[in-house]
**Student:** 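Here you go, one structure.
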Amino acid sequence: MPLSWNEIKSRAIAFSNEWKDEVSEDAEAKTFWDDFFHVFGISRRRVATFEQQVKKLDAKTGFIDLLWKGVILIEHKSRGKDLDKAFTQAKDYFPGLKEQELPRYILVSDFGRFRLYDLDGNTHKEFTLADFINHVHLFGFIAGYQKRLFKEQDPVNIEAALLMGKLHDKLKNIGFDGHQLELYLVRLLFCLFADDTSIFEKGIFQEYIELRTNEDGSDLAAHIGELFQVLNTPDQKRFKNLDEALMAFPYVNGKLFEEHLSLAHFDSEMRRILLDCCLLDWGKISPAIFGSLFQSVMDDKARRNLGAHYTSEKNILKLIKPLFLDDLRNEFEKIRRDKNKLKRFHERISRLRFLDPACGCGNFLIIAYRELRLLELDIIKALLEGQQVTSINDYFLVDVDQFYGIEYEEFPSQIAQVAMWLMDHQMNEHASLYFGEYYKRIPLKKSATIIHGNALRTDWHGILKLNSSANILKKYHFILGNPPFLGKQYQNKEQKEDMVMVFQDVKSAGALDYVSAWYIRAAQYLKNYGSVEEKELPKTRIAFVSTNSITQGEQVAILWGELFNSYKVKIHFCHRTFKWGNEARGNAAVHVVIIGFSNFDISEKLIYAYDDIKGEPHEIKAKNINPYLVEGKDEYVVRRKQTISNVTELIKGNQPTDNGYYLFTTQEKESFLKVEPGAQKWFRRFIGSSEFINNTERWCLWLKGITPNELKHLPKVYERIQKVRAYRLESQKAATVKKADTPSLFDEIRHTDKTYMVIPEVSSERRKYLPMGFVDKNVISSNKNYMLPNATLYQFGILNSIMHNLWTHSVSGRLKSDIQYSNGIVYNNYPWPDNPTDKQRESIEKAAQGILDARASFPESSLADLYDPNTMPPSLVKAHQVLDRAVDLCYRSQPFPYETKRIEFLFELYDRYTSGLFVKQKKSKK
């Protein structure tokens with residue numbers, strides 16, 4: 001256990017007085033540094049080595065005066081010598097050290113002057129021996145006090161995970177696998193962390209392996225097995241003749257070491273890997289990050305992209321802060337001067353309970369716990385301000401047993417349990433550093449409750465009964481997390497059964513993402529327990545990270561219709577679509593939303609909107625938030641067969657259902673015509689979304705109107721008709737089988753032989769404007785496009801406007817992250833301008849023609865080129881801006897300050913149109 005700061009300072013004064021005279025001999029120098037380490041309660045012999053031999057960059061042999069591997073290198077000189085040269089000499093030793101042996105600190109000294117370099121912080125401090133007392137805090141890392149900075153991409157996190165991965169592979173290869181291997185590694189993780197963070201006496205785990213086990217690793221497993229047993233045995237129950245090296249380890253408890261495991265087997269290489277793990281500074285590793293990394297090394301595919309699979313703390317805080325932390329922090333600031341209110345507030349936060357029903361390695365619980373402990377520390381500082389503190393042990397009330405989790409995989413659930421203890425200890429270190437008195441909770445008396453199971457089939461409330469204080473635990477106050485995202489096409493059989501069980505009779509629920517089931521289970525919890533009264537404690541609130549698909553397209557009406565109508569859910573805050581994950585190389589681009597909700601209303605709601613999905617949000621206050629995550633009523637668009645604005649019907653393109661027999665590239669068409677030139681008149685240009693956007697050539701056999709006599713003279717065409725017929729007959733769909741009766745025709749024909757406008761079904765979400773345009777009547781459009789026959793310039797202008805594009809981005813579905821346009825959801829629900837004047841129409845038509853003219857000036861460029869955000873010509877940008885202003889004036893005279901306001905306006909208009917008010921107004925005008 002580290003010494004108190006008062007004791008350290010007392011020893012520092014004695015050290016300065018004792019060594020004020022000049023050090024004259026090497027023997028005295030060694031005693032000097034032994035005494036220096038003694039100031040901090042550390043045996044130098046245990047952690048650091050004199051005259052460590054290394055090979056320098058010039059291949060010459062050097063001797064480091066004193067080295068504590070991975071921590072500090074000390075280089076001393078005679079009184080009055082140049083400390084700059086001493087520092088240069090110290091750095092010259094670095095090439096001869098292994099990466100894990102490189103120190104964080106360099107101390108150079110002439111025994112009268114000291115200069116300490118912090119290599120991580122890129123700082124240094126210089127002082128004299130007489131002034132040591134005033135700088136002793138700089139060496140807190142020796143005593144076990146250290147303010148740690150955790151970097152999300154700190155190489156030590158990944159290096160530690162990779163080393164543990166190597167050990168995992170070695171153990172698995174000898175047949176030590178499954179549950180036993182996973183628990184074994186979790187225990188080793190705890191020991192490594194404990195060895196560097198003063199849970200154990202500094203370095204004793206590493207020392208035990210180095211000194212008590214054979215280099216060939218033959219007895220290592222037995223020693224580790226005995227150590228695990230000792231860690232699970234209270235001091236008073238240990239054997240009286242137990243090896244003193246084992247007796248030095250504390251009793252841990254917490255059930256971590258309770259289960260009996262079979263002995264593994266180590267060899268020399270495995271022993272070396274474990275010792276390499278020991279050399280890392282595990283105190284620098286963030287439990288919130290390492291858990292996910294640790295889990296990913298167990299998977300070969302994930303390991304190849306290590307670092308891409310953890311959730312950044314910054315993104316976790318985006319959920320935690322508006323869910324509970326901001327409110328608690330604001331309340332603290334209001335009452336921090338009133339100690340009576342502070343005491344009640346402190347007691348209240350110690351009774352809050354948190355559940356993550358898809359906790360993984362515990363990231364959300366860990367960060368939530370850390371933030372609650374940091375708030376508690378501020379409370380205690382305010383309560384004890386101006387007081388003499390004798391013991392801090394009784395002041396801390398917040399503990400890990402306030403946190404609960406459910407995780408489907410066993411290994412992550414074990415990591416989450418341990419990671420919560422590790423974060424607890426880091427917070428205890430943080431408190432120790434501030435108050436100058438060591439504070440720890442060993443043996444472990446309390447733990448987070450992490451359940452291994454299927455959260456959708458687990459009684460969430462029943463987990464509270466597993467706690468010893470179940471008689472007073474009435475509910476969770478905050479439910480949070482990042483449930484799994486799985487579109488309907490990616491769900492396995494068990495997951496589809498989960499969806500059926502959760503949604504029961506909800507129509508079309510099979511179209512929903514897997515994450516939506518957590519919303520229903522959470523809403524059910526709110527309905528049953530959320531409003532249970534607890535003195536001074538809040539009603540239950542919930543926030544989930546989710547795929548943005550649940551706020552787009554057909555999923556909105558299905559999911560939010562159920563949440564609004566059956567469970568009276570109200571959205572309290574949201575983050576609109578942004579990029580989730582971290583800055584690691586290879587990190588998958590996942591576009592998500594965060595939605596905070598409950599079954600009661602609040603007066604002020606918050607929308608966090610992103611101008612750049614990779615950037616920072618701006619906060620918008622709202623009276624109400626709709627399921628598209630903009631201000632508006634609790635309503636949603638439903639799939640419609642007719643438009644709400646009485647405009648021309650938008651129809652889907654032509655579907656061949658031909659297994660590709662009627663479709664040709666230009667080269668395939670030319671080859672076909674060489675064999676059967678008579679088929680020339682039956683070929684038409686054929687465009688899907690990709691061909692239209694990228695201006696690529698494709699062709700189809702369009703046999704509408706061909707006579708039997710003509711077919712007799714086209715044997716190759718006839719052969720293809722036969723293949724199409726056979727293909728359709730094999731279909732599982734009755735309608736497709738029926739179409740085998742007319743095999744020469746496309747399955748679905750909607751072509752009108754009139755010029756039409758094309759809107760591609762799928763388009764990149766990167767584009768500000770959907771690429772759409774006019775197409776000649778002889779071109780056949782596939783079912784991957786929508787067609788507007790006889791479209792006018794006015795219609796082209798409205799549909800090309802920013803208003804329609806923002807509506808599309810808000811309500812359309814997604815194919816991956818791409819826009820998936822539809823007539824039933826997007827077009828038929830779009831609120832067109834209400835009775836524009838002739839002048840307004842003419843203005844739009846003129847601006848629409850300006851867009852066509854701007855495009856025409858780049859005849860070699862495809863729509864993909866023209867509408868790429870990086871290559872869009874300035875003339876086309878300007879033309880769209882002119883059109884946008886013209887269309888805006890058809891909706892209202894005042895400009896829209898930003899995009900969110902446009903969406904809010906369109907939803908207000910949608911509400912008018914669909915409520916019948918618009919129809920009544922038009923009738924009254926007539």
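Index from 1, following the sequence.
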**Student:** Before you tell me yes or no, could you show the steps for Asp424 and Arg373 under salt bridge (charged side-chain N to carboxylate O under 4.0 Å, His left out), namely the whole-Å CA-CA distance, both residues' side-chain angles and the distance that decides it to 0.1 Å?
**Tutor:** CA-CA 8 Å; Asp424 180 60; Arg373 284 292 304 272; 2.8 Å; yes
**Student:** Donor-acceptor pair, Gln402 side chain versus Leu352 backbone, under 3.5 Å?
**Tutor:**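 Flag set: sc Gln402 to bb Leu352 pair under 3.5 Å.
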**Student:** For Arg187, give me all partners under side chain to side chain donor-acceptor pair (under 3.5 Å), at least two apart in sequence or on another chain.
**Tutor:**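 Arg187: no side chain to side chain donor-acceptor pair (under 3.5 Å) contacts found.
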**Student:** Between Asn599 (side chain only) and Leu526 (backbone N and O only), is there a donor and an acceptor less than 3.5 Å apart?
**Tutor:**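 Looks like yes, one N/O pair under 3.5 Å.
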**Student:** At what distance, to the nearest 0.5 angstrom, does CD1 of Ile450 lie from CD1 of Ile406?
**Tutor:**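 One finds 9.5 Å between CD1 of Ile450 and CD1 of Ile406.
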**Student:** Answer yes or no: does atom NZ of Lys570 have more than 12 heavy-atom neighbours from other residues, nucleotides or ligands under 6.0 Å?
**Tutor:**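 More than 12 within 6.0 Å, yes.
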**Student:** Over 60° means perpendicular and under 30° means parallel, so classify the ring planes of Phe205 and Phe200, tilted if in between.
**Tutor:**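 Because their plane-to-plane angle lies in the 30° to 60° range, the rings of Phe200 and Phe205 count as tilted.
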**Student:** Salt bridge or not between Lys445 and Asp399? Use side-chain N to carboxylate O under 4.0 Å.
**Tutor:**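 Result for this pair is no, no salt bridge flagged.
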**Student:** With a sphere of 6.0 Å drawn around CD of Glu533, does it hold more than 12 non-hydrogen atoms of other residues, nucleotides or ligands?
**Tutor:**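 No, because the 6.0 Å sphere around CD of Glu533 holds 12 heavy atoms or fewer from other groups.
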**Student:** Taking the side chain from Gln555 and the backbone from Asp513, do they hold a donor-acceptor pair closer than 3.5 Å?
**Tutor:**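 Yes, Gln555 side chain to Asp513 backbone: donor-acceptor pair under 3.5 Å.
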**Student:** Is it the case that the side chain of Arg521 and the backbone of Ala455 share a donor-acceptor pair, with hydrogens and angles ignored and the cut-off at 3.5 Å?
**Tutor:**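 Side chain of Arg521 to backbone of Ala455: a pair is present.
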**Student:** Tell me, with the steps shown, if Phe578 and Tyr608 meet ring-ring contact (aromatic ring centres under 6.0 Å, His included).
**Tutor:** CA-CA 10 Å; Phe578 68 97; Tyr608 296 92; 10.0 Å; no
**Student:** Would you say the side chains of Ser413 and Tyr408 form a donor-acceptor pair under 3.5 Å?
**Tutor:**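 There is no such pair between these side chains.
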**Student:** Without hydrogens or angle criteria, can the side chains of Tyr610 and His575 be said to hold a donor-acceptor pair below 3.5 Å?
**Tutor:**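 There is such a pair (donor and acceptor under 3.5 Å, judged by atom type) between the side chains of Tyr610 and His575.
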**Student:** What I'd like to find out is whether the side chain of Met164 reaches to under 4.5 Å of the side chain of Cys277, using heavy atoms alone.
**Tutor:**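 Met164 reaches Cys277 side chain to side chain.
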**Student:** Atom SG in Cys278, atom CD1 in Ile273: separation rounded to 0.5 Å?
**Tutor:**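 Between Cys278 SG and Ile273 CD1, I get 12.0 Å after rounding to 0.5 Å.
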**Student:** Looking just at side-chain N and O atoms, do Glu534 and His477 make a donor-acceptor pair shorter than 3.5 Å?
**Tutor:**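 Yes, a side-chain donor-acceptor pair sits under 3.5 Å.
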**Student:** Could you give the distance from CZ (Phe228) to SG (Cys191), rounded to the nearest 0.5 Å?
**Tutor:**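 That separation rounds to 5.5 Å.
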**Student:** Calculate, to the nearest 0.5 Å, the distance between atoms CG and CG belonging to Leu377 and Leu372 respectively.
**Tutor:**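 Between atom CG of Leu377 and atom CG of Leu372 there are 12.0 Å.
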**Student:** Roughly how far, to the nearest 0.5 Å, is CG of Leu231 from CG of Leu444?
**Tutor:**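 Between Leu444 CG and Leu231 CG, I get 10.5 Å after rounding to 0.5 Å.
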**Student:** Given salt bridge (charged side-chain N to carboxylate O under 4.0 Å, His left out), test Lys318 with Glu313 step by step and report yes or no.
**Tutor:** CA-CA 9 Å; Lys318 287 179 180 179; Glu313 294 185 16; over 6 Å; no
**Student:** Working to the nearest 0.5 angstrom, can you tell me the gap between His179 NE2 and Gln414 CD?
**Tutor:**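 One gets 5.5 Å once the value is rounded to the nearest 0.5 Å.
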**Student:** Look only at the side chain of Gln495 and the backbone of Asn492, and say whether a donor-acceptor pair between them is shorter than 3.5 Å.
**Tutor:**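 Yes: the side chain of Gln495 pairs with the backbone of Asn492.
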**Student:** Does Thr449 form a side-chain contact (heavy atoms from CB on, under 4.5 Å) with Ile451? I'd like the steps, not just the answer.
**Tutor:** CA-CA 6 Å; Thr449 303; Ile451 299 300; 4.2 Å; yes
**Student:** So, for His265 and Leu171, which heavy atoms are closest and what is the spacing to 0.1 Å?
**Tutor:**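 Here His265 and Leu171 meet closest at O-CD2, 4.2 Å.
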**Student:** What pairs meet the side chain to side chain donor-acceptor pair (under 3.5 Å) rule with one or both residues in residues 497-512, with sequence neighbours excluded?
**Tutor:**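 Only Asn454-Asp498, Arg457-Asp498, Asp498-Tyr514 qualify under side chain to side chain donor-acceptor pair (under 3.5 Å).
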**Student:** Measure across Val556 and Ile550 and return the closest heavy-atom pair with its distance rounded to 0.1 Å.
**Tutor:**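 So the two residues come closest at CG2-O, 3.8 Å.
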**Student:** Any side-chain heavy atom of Leu183 within less than 4.5 Å of one from Phe411?
**Tutor:**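 Leu183 vs Phe411: side chains apart.
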**Student:** Nearest heavy-atom pair of Leu319 and Ala543: which atoms, and what distance?
**Tutor:**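 Minimum heavy-atom separation between Leu319 and Ala543: CD1-O, 3.5 Å.
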**Student:** Tell me if the centroids of the rings in Tyr476 and Tyr525 come within less than 6.0 Å of each other.
**Tutor:**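 Centroid distance Tyr476-Tyr525: below 6.0 Å, so yes.
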**Student:** Answer with yes or no after comparing the ring centroid distance for Phe324 and Phe354 against a 6.0 Å cut-off, counting only values under it.
**Tutor:**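 Here the rings of Phe354 and Phe324 have centres that are less than 6.0 Å from each other.
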**Student:** Is Glu409 reaching over with its side chain to a backbone N or O of Gly360, donor-acceptor style, under 3.5 angstrom?
**Tutor:**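 Between the backbone of Gly360 and the side chain of Glu409 there is no qualifying donor-acceptor contact (under 3.5 Å).
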**Student:** Is it true that a side-chain atom of Trp421 and a backbone atom of Leu256 form a donor plus acceptor pair closer than 3.5 Å?
**Tutor:**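 Judged by distance alone, no pair lies under 3.5 Å.
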**Student:** Does CZ in Phe176 sit with more than 12 non-hydrogen atoms of other residues, nucleotides or ligands closer than 6.0 Å?
**Tutor:**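 Counting neighbours around CZ of Phe176, more than 12 heavy atoms of other residues, nucleotides or ligands fall under 6.0 Å, so yes.
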**Student:** Where is the tightest heavy-atom contact between Ala431 and Phe396, given as atom of each residue plus distance?
**Tutor:**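 Looking at all heavy atoms of both residues, the shortest contact is CB-CZ, 3.4 Å.
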**Student:** At their closest point, which heavy atom of Pro250 faces which heavy atom of Ile199, and how far apart are they?
**Tutor:**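 For Pro250 versus Ile199, the nearest heavy atoms are CG-O, 3.6 Å.
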**Student:** Given Ile625 and Ile595, is the side-chain contact (heavy atoms from CB on, under 4.5 Å) satisfied, shown in steps?
**Tutor:** CA-CA 10 Å; Ile625 302 174; Ile595 302 176; over 6 Å; no
**Student:** Taking the cut-offs as 6.0 angstrom to the six-membered ring centre and 45 degrees off its axis, would you call Lys475 and Tyr529 a cation-pi pair?
**Tutor:**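 The answer is no; the distance or angle limit is not met.
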**Student:** Does Asp276 have any side chain to side chain contact (heavy atoms under 4.5 Å, CB included) partners at least two apart in sequence or in another chain, and if so, which?
**Tutor:**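 Checked Asp276 against side chain to side chain contact (heavy atoms under 4.5 Å, CB included); matches are Gln100, Leu163, Arg272, Leu279.
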**Student:** Going by heavy atoms in the side chains, are Val569 and Trp560 under 4.5 Å from each other?
**Tutor:**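 Of all side-chain heavy-atom pairs linking Trp560 with Val569, at least one is under 4.5 Å.
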**Student:** Is any side-chain heavy atom of Arg329 less than 4.5 Å from a side-chain heavy atom of Leu374?
**Tutor:**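 Yes - at least one pair of side-chain heavy atoms lies under 4.5 Å apart.
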**Student:** Just to verify, what does Gln552 make a side chain to side chain contact (heavy atoms under 4.5 Å, CB included) with, not counting sequence neighbours?
**Tutor:**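 Side chain to side chain contact (heavy atoms under 4.5 Å, CB included) list for Gln552, sorted by chain: Asn548, Thr577, Arg814.
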**Student:** Do His572 side-chain atoms and Phe600 backbone N/O form a donor-acceptor pair below 3.5 Å?
**Tutor:**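 Yes; judged by distance alone, with no hydrogens or angles, the pair exists.
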**Student:** List the residues meeting side chain to side chain contact (heavy atoms under 4.5 Å, CB included) with Lys321, not counting sequence neighbours, and say none if there are none.
**Tutor:**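 Per chain and number, Lys321 pairs via side chain to side chain contact (heavy atoms under 4.5 Å, CB included) with Leu317, Leu325, Asp326.
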**Student:** Any side-chain donor-acceptor pair under 3.5 Å between Glu376 and His346?
**Tutor:**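 His346 and Glu376 do have a side-chain donor-acceptor pair below 3.5 Å.
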**Student:** Looking at Thr540, is its backbone amide N or carbonyl O close enough to the side chain of Ser598 to form a donor-acceptor pair, meaning the two atoms are under 3.5 Å apart?
**Tutor:**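 Yes; at least one donor-acceptor contact below 3.5 Å.
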**Student:** Starting from the C-alpha separation in whole Å, work towards a yes-or-no answer on side-chain contact (heavy atoms from CB on, under 4.5 Å) for Phe573 and Ile594.
**Tutor:** CA-CA 8 Å; Phe573 73 88; Ile594 296 173; 4.0 Å; yes
**Student:** ring-ring contact (aromatic ring centres under 6.0 Å, His included) with Trp460: which residues, sequence neighbours excluded?
**Tutor:**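 With sequence neighbours excluded, Trp460 shows a ring-ring contact (aromatic ring centres under 6.0 Å, His included) to no residue whatsoever.
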**Student:** What do you reckon, is CD of Glu410 surrounded by more than 12 foreign heavy atoms closer than 6.0 Å?
**Tutor:**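 Yes.
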**Student:** For Ile415 and Val186, which heavy atoms make the closest approach, and how far apart are they?
**Tutor:**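 Closest heavy-atom pair between Ile415 and Val186: CG1-CG2, 4.1 Å.
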**Student:** Measure centre to centre between the rings of Tyr519 and Phe597, then say whether the value is under 6.0 Å.
**Tutor:**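 Yes - the distance between ring centres of Tyr519 and Phe597 falls below the 6.0 Å cut-off.
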**Student:** For a side-chain contact (heavy atoms from CB on, under 4.5 Å) check, start with the C-alpha distance between Val592 and Ser546, then their side-chain angles and the critical distance, and finish with the verdict.
**Tutor:** CA-CA 6 Å; Val592 303; Ser546 311; over 6 Å; no
**Student:** Just by distance, with hydrogens left out, do Asn173 and Lys170 show a side-chain donor and acceptor under 3.5 Å apart?
**Tutor:**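 Their side chains do not contain a donor-acceptor pair, so the 3.5 Å distance test is not met.
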